[in-house]
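Inspection log for the structure reproduced underneath, given as structure tokens.
To find a chain, count down the sequence lines: A is the first, B the second, and so on, and within it residues start at 1. Since we're looking at a predicted model, the values are computed, not measured.
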Amino acid sequence: MDFKENNAKGIERVILHVDLDSFFATAAQQTNPNLRAKPVGIVKAKGRSCIIAASKEAKKYQVKTGNTVIEAKKLCPSIILIPADFEKYEDITYRFIEICQKYSPLCEVFSLDECFIDITETEKLWGNAVSIALEIQERLAGEIGDYLTCSVGISKNRLLAKLASTQAKPDGIYYLDQKSIFEALDKADLTDVCGIGDRLYRRLVLIGVGDFKTLRACSLDFLYKHFGPFWSKHLYNLARGIDESPAIPTEEIVQAKSVGRTYTAHRNLYKKDEIERLMRNLCEEASEKARKMQLAGRYVSLALRGAETSFYGHKTLKTYIDDGKILFKICQTIFEDWLGKYIRFCGVTLSMLAKNEYQSIPLFPQDQRRGNLIAAVDSINNQFGDYTVFPAQLLGTEIIRPEVTGYFGDKTYRLKFLHTL
Amino acid sequence: METLINESIKVWAVFDSGISPVAMNWRNRLIKFKKVIFTSNSTKGKTKIANLVCTNNNAAYELEYNHQNFAWTLKKIMPKG
């Protein structure tokens with residue numbers, strides 16, 4: 001079952017894109033029937049000011065992800081704000097993935113609430129693509145929650161399948177065949193498809209390209225002149241619905257290139273010690289992830305953001321590390337170059353990862369003791385829960401615990417090491 | 001809309017293909033459930049925790065069951081209306 005082989009034989013693929021509708025908000029409505037059929041906005045935690053998900057009822061009022069709470073309340077005064085429950089979302093995601101994986105081994109987990117399923121070779125086992133889509137919808141409602149719905153796009157490649165599911169929302173199925181491709185593209189905004197982000201979109205608008213019809217009218221030479229060899233071909237293909245990327249199953253996800261954690265604080269952090277405590281917390285999580293994956297890294301980066309200031313610093317080390325304390329010490333040195341007044345956002349990343357067997361064996365007794373201590377702490381935390389034992393520096397603070405993110409940025413870690421399906 | 005409780009309770013439940021709470025004793029009140037509308041699982045270390053949302057005519061109740069020590073906790077109540 002090889003995508004390239006099928007391609008060489010001229011066999012047209014059949015790809016499903018399954019996308020949970022308004023995932024976080026619908027999950028909240030599933031668990032609290034009082035919220036059903038009402039406009040709901042999910043915030044990260046009580047008191048936070050940003051909407052991270054909106055229910056379909058709230059979306060009717062144009063409330064969307066990224067709105068501030070004030071904006072959302074202006075658009076929809078009756079909106080109900082609910083704090084996120086990432087543990088629940090994570091559990092639903094794994095069960096959703098299990099359902100999708102039943103239909104083909106070529107099931108790609110694209111994000112927390114989206115999967116691509118390549119059913120080219122397996123479609124005939126279940127009748128046809130539409131019956132698979134219907135079955136997935138039924139199983140989602142029957143096995144996970146009767147208020148949860150998903151939209152399914154079916155087409156010959158990932159790009160078009162995702163476009164189709166967007167246009168099928170909510171709770172719909174859309175089979176996008178060859179003759180409807182341009183019609184579907186022309187109905188969509190440029191940023192509706194994967195592959196055109198804000199920056200590329202702005203550059204397109206600058207040259208007078210605001211939709212797919214206009215983009216399709218541009219020749220490859222014209223696009224080459226404005227966007228260079230890579231992006232010109234990419235845009236040319238996008239405008240025609242051409243996409244040869246395969247659905248990559250979990251087993252084939254490449255090893256993580258970096259581990260890290262970012263956090264936006266509830267309030268501005270002015271004092272050096274509170275910023276450092278936050279950094280230490282994030283360093284512990286990043287290094288613990290690395291150790292769980294049996295990796296170590298030697299490129300450390302620190303990102304900080306205040307009101308109008310952004311700071312990014314990094315250091316490349318000569319040796320590999322996976323110790324949260326050492327990672328923090330490096331971040332502290334990088335932090336010395338920060339000149340801002342306060343921060344709101346902090347991100348720590350450890351990259352240039354390699355197997356931790358490449359770490360040099362500690363020669364000195366204090367380093368060996370440190371290694372044994374870390375192993376013991378990991379063992380206790382694995383048994384009794386994250387941060388059962390934690391650095392004394394974090395005493396008295398509300399510890400930031402690991403949680404899943406909407407775009408599933410650490411899916412390599414979660415799918416291959418934390419929750420093996 | 002919802003009230004956080006986080007109190008220890010006694011629960012009568014059927015353990016079959018899943019866990020189906022039938023009733024609970026909370027603050028000496030017997031509360032019967034009509035339906036389980038959602039279940040999810042999480043872990044705390046190696047301990048499996050089940051979260052169940054049960055409803056009756058008055059409210060939805062979120063319960064937590066600790067598989068390690070068999071303890072039940074009433075996490076929150078979401079009254080109807």
Practice task
Heavy-atom distances under 4.5 Å only: say whether A:Ile80 touches chain B with side chain, backbone, both or neither.
Solution key: side chain
Fill in the blank from the handout: Counting heavy-atom pairs under 4.5 angstrom with chain A, the leader among B:Thr55, B:Val53, B:Thr47 is B:Val53
Handout entry: Ring-face cation contact, A:Tyr263 with A:Arg48, 6.0 Å cut, 45° max
Key = yes
Practice task
Please flag which part of A:Asn381 lies under 4.5 Å from any non-hydrogen atom of chain B: side chain, backbone, both or neither.
Solution key: backbone
Exercise for the section: Would you kindly check if the NZ (Lys) or CZ (Arg) of B:Lys34 is within the cone defined by 45 degrees around the ring axis of B:Tyr61 and under 6.0 Å from the six-membered ring centre? Expected result: no
Completion exercise
Given the options A:Glu288, A:Glu403, A:Glu284, A:Arg261 meets salt bridge (Lys or Arg N to Asp or Glu O under 4.0 Å) only with A:Glu403
Handout entry: Partner chain A: residue of B:Glu2, B:Gln68, B:Glu62, B:Lys44 with the largest heavy-atom pair count (under 4.5 Å)
Key = B:Lys44
Handout entry: A:Phe23/A:Phe96 aromatic ring centres below 6.0 Å
Key = no
